[in-house]
J.: 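Here you go, one structure.
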Amino acid sequence: MKTAATVSVPLLAICFFAGMWTTGVYYNYYKAVNEGIPEPQRKWRHSKTQTRLQEGLDVWARRNHSYHDVTKVLYNRVPKCGSNTMKVLLRELQNRNRFQFFEDKDYGLKALPNKLLRKFVQMVDQLPRPSIYEKHIYYVDFQKFGKQQPTYINLVRDPLERRISGYYYMRFGRIDGNQKQKRTEEEKAQTFDDCVLNNLWECDEFGPKTFTMTQFFCGQESICMEPSQMAVEVAKENIRRHYAVVGVLEEFSSFLKVLEVVMPQFFRGAHDTWRKIESKQMEHQKTAIKIPPSNESREIMRERLHLDYQVYDFIKERFHRQKTQLGVKD
């Protein structure tokens, strides 16, 4: 009896601490799920991502890419990815295709506090139909607030080229004189090479500008506010589930052709319209001054942007599969 009692005490202690550890794991797990991580994708694996992408129609948020009945589109545009070009085109198309285009002039917060987020959701939900609304904002889950989810579209760009363009835009603006924010004279004198090689804040290895593209698709949840592999996987899952089309700026003409097929009620004639106004618009949209960085800086920055490149590569492959299924050629 004495021996049994002696043995049972350590066993009870082990069970107690094991239970405490398990409770902590499940608490953190459910906390993460409640904060908005898609439940079916709790354990992400790269191979699973690739497999799902190869299943054909899973590259569409809706089966058979049926978007002809869509009456509200949200374009949560990523900075320096041709979004001003898209705005010009949408202004041209709204009268032709009889929809309303709403432009948000607030370029500030992209992650909104809960009170403002609720107001934003209500405002978009009450917009007339058919309509397209554009804003620099991270992905928003409307269903979390009990509202119907709009159909999302977006346009991205090679992360390094996007970063270089943004760096010089914040210093010199566009050729047409448009400049939203100024830098000091000292900062204007710093080239992109200076920024990368000295690890300045705009090129910081662990800074927020190294995963901006990821944040736009990951969303408003706390998991999306810090660079992590989890943020990348949540971004991919949101793209799969909620984005009709995400194109790449390097294939802008194909992007317009895909939109014409998928949502003709908004984008009928988009490609031809763009060809008519392209020559006038492209020169005005360019960054005023842009100094090409060295190969060394490019390699360093590519590595720092590795999270955004995962999202970009995923988007690019998905877009190419969409083009193939629709028979769209460059």
Side-chain angles (χ1 to χ4, degrees), residues 60-62 64-107 120 123-137 139-140 142 148-157 162 174-176 178 216-217 239 242-286 315 318-319 322-323 325-330:
W60 300 97
R62 289 187 179 188
N64 301 317
H65 51 269
S66 176
Y67 297 95
H68 290 209
D69 62 336
V70 168
T71 56
K72 187 170 292 184
V73 173
L74 179 53
Y75 172 31
N76 66 319
R77 59 194 188 110
V78 182
K80 305 310 297 175
C81 291
S83 54
N84 279 304
T85 299
M86 276 294 289
K87 283 171 62 175
V88 171
L89 180 60
L90 288 169
R91 289 178 198 137
E92 294 285 328
L93 291 175
Q94 65 176 333
N95 291 329
R96 172 174 179 164
N97 293 331
R98 298 182 181 179
F99 66 88
Q100 294 187 60
F101 175 48
F102 297 93
E103 305 176 46
D104 195 303
K105 304 296 184 181
D106 183 3
Y107 299 101
F120 173 77
M123 181 272 295
V124 173
D125 185 67
Q126 292 170 5
L127 290 177
R129 297 170 184 268
S131 62
I132 296 179
Y133 184 87
E134 67 81 24
K135 179 178 174 61
H136 284 315
I137 189 172
Y139 165 81
V140 177
F142 281 67
Q148 184 180 354
Q149 189 85 335
T151 298
Y152 279 85
I153 63 168
N154 218 320
L155 183 64
V156 298
R157 180 183 189 178
R162 192 197 76 81
R174 294 203 303 260
I175 289 176
D176 63 4
N178 183 296
F216 268 84
F217 295 101
I239 292 166
H242 304 296
Y243 284 80
V245 181
V246 183
V248 291
L249 185 60
E250 296 84 355
E251 300 172 44
F252 187 65
S253 291
S254 295
F255 174 57
L256 297 181
K257 290 178 183 178
V258 169
L259 286 173
E260 282 194 48
V261 175
V262 173
M263 285 189 282
Q265 66 272 34
F266 291 105
F267 295 99
R268 185 179 292 107
H271 185 261
D272 289 343
T273 301
W274 174 243
R275 288 181 63 184
K276 292 175 183 177
I277 64 176
E278 179 182 8
S279 58
K280 294 180 181 179
Q281 292 298 326
M282 285 303 290
E283 284 302 316
H284 299 300
Q285 302 298 334
K286 292 181 179 179
I315 288 170
R318 180 183 190 254
F319 180 62
Q322 288 180 330
K323 285 200 304 180
Q325 288 179 20
L326 296 174
V328 171
K329 297 182 180 180
D330 294 327

J.: Any idea which heavy atoms bring Met263 and Tyr67 closest together, and the distance?
T.: CG-CB, 3.5 Å

J.: Please identify each residue that fulfils salt bridge (Lys or Arg N to Asp or Glu O under 4.0 Å) with Asp272, with sequence neighbours left out.
T.: none

J.: Could you walk me through whether Leu93 and Phe99 pass the side chain to side chain contact (heavy atoms under 4.5 Å, CB included) check?
T.: CA-CA 8 Å; Leu93 291 175; Phe99 66 88; 4.1 Å; yes

J.: Determine whether more than 12 heavy atoms belonging to other residues, nucleotides or ligands lie under 6.0 Å from atom CZ of Arg91.
T.: yes

J.: Nearest heavy-atom pair of Gln325 and Trp60: which atoms, and what distance?
T.: OE1-NE1, 2.6 Å

J.: Grab the two heavy atoms, one from Ile239 and one from Arg318, that are nearest each other, plus how far apart they are.
T.: O-NH2, 3.2 Å

J.: Measuring only between side-chain heavy atoms, which start at C-beta, is Phe267 closer than 4.5 Å to Asn97?
T.: no

J.: Supply the atom-to-atom distance Arg162 CZ to Leu249 CG, rounded to the nearest 0.5 angstrom.
T.: 11.5 Å

J.: Can you see which heavy atom on Met86 is nearest to which on Leu256, and at what distance?
T.: SD-CD2, 4.3 Å

J.: Could you work out, with ring pair (Phe, Tyr, Trp, His ring centres under 6.0 Å) as the rule, every residue matching Phe217, not counting sequence neighbours?
T.: Tyr243

J.: For residues 123-132, which side-chain N or O atoms pair as donor and acceptor with protein atoms under 3.5 Å away, sequence neighbours left out?
T.:
from   : atom 1 : to     : atom 2 : distance (Å)
Arg129 : NH1    : Thr71  : OG1    : 2.7
Ser131 : OG     : Pro128 : O      : 2.7

J.: Let me see the working for Val245 and Phe319 under side chain to side chain contact (heavy atoms under 4.5 Å, CB included), right down to the final yes or no.
T.: CA-CA 7 Å; Val245 181; Phe319 180 62; 4.3 Å; yes

J.: Test: side-chain hydrogen bond (donor to acceptor under 3.5 Å, both in side chains). Region: residues 252-265. Which pairs qualify, not counting sequence neighbours?
T.: Ser254-Asp330

J.: Only counting residues at least two apart or in another chain, list the ones meeting salt bridge (Lys or Arg N to Asp or Glu O under 4.0 Å) with Glu251.
T.: Lys323

J.: How close do Pro264 and His68 get, counting heavy atoms only, and between which atoms?
T.: CD-NE2, 3.7 Å

J.: Report the distance from atom CG of Leu155 to atom OG1 of Thr85, rounding to the nearest 0.5 Å.
T.: 8.5 Å

J.: Just jot down the side chain to side chain contact (heavy atoms under 4.5 Å, CB included) partners of Glu250, sequence neighbours excluded, or say none.
T.: Arg157, Asp158, Val248, Tyr312

J.: Side chain to side chain donor-acceptor pair (under 3.5 Å) with Asn95: which residues, sequence neighbours excluded?
T.: none

J.: Once rounded to the nearest 0.5 Å, what's the spacing between atom CG of Asn76 and atom CG of Asn154?
T.: 4.5 Å

J.: Looking at CG of Leu89 and CD of Gln94, how far apart are the two atoms once the value is rounded to the nearest 0.5 Å?
T.: 11.0 Å

J.: If the condition is ring pair (Phe, Tyr, Trp, His ring centres under 6.0 Å), which residues does His271 pass it with, not counting sequence neighbours?
T.: none

J.: Side chain to side chain contact (heavy atoms under 4.5 Å, CB included) with Glu134: which residues, sequence neighbours excluded?
T.: Tyr75, Arg77, Lys87, Phe101, Glu103

J.: Which residues pass the ring pair (Phe, Tyr, Trp, His ring centres under 6.0 Å) test with Tyr139, not counting sequence neighbours?
T.: Tyr152, His242

J.: Give a yes or no on whether the backbone of Thr273 and the side-chain of Arg96 come within a donor-acceptor separation of less than 3.5 Å.
T.: no

J.: For the residue pair Gln149 and Val140, what are the closest heavy atoms and their distance?
T.: NE2-O, 3.5 Å

J.: Give a yes or no on whether the backbone of Val328 and the side-chain of Gln322 come within a donor-acceptor separation of less than 3.5 Å.
T.: no

J.: For Asp104, which residues count as a side chain to side chain contact (heavy atoms under 4.5 Å, CB included) partner, sequence neighbours excluded?
T.: Asp106, Tyr133, Lys135

